Asker: 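I'd like to ask some things about the structure below.
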Amino acid sequence: MTKEEALKQFANLGAVWFGNSKQHFAFSAYNRLNGWNKLADKWKEEAEEEWEEAEEVLQRLVELGCKPADLQEAMKTIEFPFCDDPKKQIEGDFEPTAIQQLSELAEAFNDDYPTKKLILKWIDGEKEHMAWEAQYLNYIEKLGYENFLTAMM
């Protein structure tokens with residue numbers, strides 16, 4: 001991966017986190033409205049973390065000489081589904097290839113320690129994110145969907 005490709009992918013990562021943050025804030029509001037407060041709290045926590053990560057990407061991009069328009073261009077290419085069904089929210093957000101993609105991106109920044117360090121931190125966060133989603137999907141399977149929703153109240 002060339003440095004230019006790595007920077008473009010890094011900008012795309014920021015775009016993904018900005019978009020996911022908005023999406024997860026919407027999921028939080030919707031779930032809270034329906035009384036699933038535990039799930040709403042989890043989505044809100046995720047939204048806030050993703051917003052912080054997006055800000056870190058943008059700050060690092062600026063330090064590397066990129067402009068906010070680079071991030072804006074990346075955001076035009078990504079769609080974020082907004083769904084009402086909590087199970088679909090979790091399933092749609094579960095991205096098993098994310099850690100591999102982040103690891104490959106980290107390798108592209110071997111000569112840029114500050115950027116690589118950020119990406120490695122995000123890999124740990126992504127592992128935690130995927131773990132709670134897998135846990136909640138397991139709860140749905142074990143408890144049944146209606147019982148899961150009751151447990152989320």
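Bear in mind the structure is a predicted one, so any value in this text is a computation, not a measurement. Values below: every heavy atom of this structure, side chains too, minus hydrogens, waters and symmetry copies.
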Asker: Any luck finding a side-chain donor-acceptor pair between E55 and W17 under 3.5 Å?
Answerer: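 No, no side-chain donor-acceptor pair sits under 3.5 Å.
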Asker: Looking at E91 and K88, is there a salt bridge between them, counting it only when a charged N and a carboxylate O are closer than 4.0 Å?
Answerer: no
Asker: Taking atom types as modelled, is there a side-chain donor on D85 or Y145 under 3.5 Å from an acceptor on the other?
Answerer: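 On atom types as modelled, these side chains qualify, holding a pair under 3.5 Å.
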Asker: Flag the pair P86 / F27 as yes when at least one side-chain heavy-atom distance between them is below 4.5 Å, and no otherwise.
Answerer: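 No - every pair of side-chain heavy atoms lies 4.5 Å or more apart.
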Asker: Given side-chain contact (heavy atoms from CB on, under 4.5 Å), test C66 with F10 step by step and report yes or no.
Answerer: CA-CA 11 Å; C66 295; F10 193 64; over 6 Å; no
Asker: Is the F148 ring parallel, tilted or perpendicular to the Y139 ring (thresholds 30°, 60°)?
Answerer: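 Correct class here is tilted.
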Asker: Checking N138 side chain against A134 main chain: does a donor-acceptor pair fall under 3.5 Å?
Answerer: no
Asker: What do you reckon, is CD of E4 surrounded by more than 12 foreign heavy atoms closer than 6.0 Å?
Answerer: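 Not buried by this count: 12 neighbours or fewer within 6.0 Å.
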Asker: Is any side-chain heavy atom of P81 less than 4.5 Å from a side-chain heavy atom of Q23?
Answerer: yes
Asker: Using 30° and 60° as the class limits, which term best fits the ring planes of W43 and H24: parallel, tilted or perpendicular?
Answerer: tilted
Asker: Regarding E95 and T97, do their side chains bring together a donor and an acceptor under 3.5 Å, going by distance alone?
Answerer: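 The criterion, which ignores hydrogens and geometry beyond distance, is satisfied for T97 and E95.
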Asker: Under the salt bridge (charged side-chain N to carboxylate O under 4.0 Å, His left out) test, which residues partner D111, sequence neighbours left out?
Answerer: K3
Asker: Can you confirm whether the side chains of Q9 and E5 place a donor and an acceptor under 3.5 Å from each other?
Answerer: no
Asker: Show me the donor-acceptor pairs within less than 3.5 Å that the side chains of residues 117-125 make with the rest of the protein, sequence neighbours left out.
Answerer:
unit_1, atom_1, unit_2, atom_2, d
K121, NZ, E56, OE1, 3.1
K121, NZ, E56, OE2, 2.6
W122, NE1, E56, OE1, 2.8

Asker: Not counting sequence neighbours, which residues clear side-chain contact (heavy atoms from CB on, under 4.5 Å) with A6? List them please.
Answerer: M1, L105, A108, F109
Asker: Kindly determine whether K87 and L149 satisfy side-chain contact (heavy atoms from CB on, under 4.5 Å), including the steps that lead there.
Answerer: CA-CA 9 Å; K87 182 179 179 186; L149 291 176; over 6 Å; no
Asker: Under a 4.0 Å threshold between the charged nitrogen and the carboxylate oxygen, would E45 count as salt-bridged to K42?
Answerer: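 Result for this pair is yes, salt bridge flagged.
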Asker: Is the number of heavy atoms from other residues, nucleotides or ligands within 6.0 Å of NZ (K44) greater than 12?
Answerer: no
Asker: Would you say K116 and N110 make side-chain contact, with heavy atoms under 4.5 Å?
Answerer: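 Result yes, sub-4.5 Å side-chain heavy-atom pair found.
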Asker: I'd like to know if the side chain of N31 pairs up with that of Q89 as donor and acceptor (distance under 3.5 Å, no hydrogens or angles considered).
Answerer: yes
Asker: When you compare the side chains of E104 and Q100, does any donor N or O come within less than 3.5 Å of an acceptor on the partner?
Answerer: yes
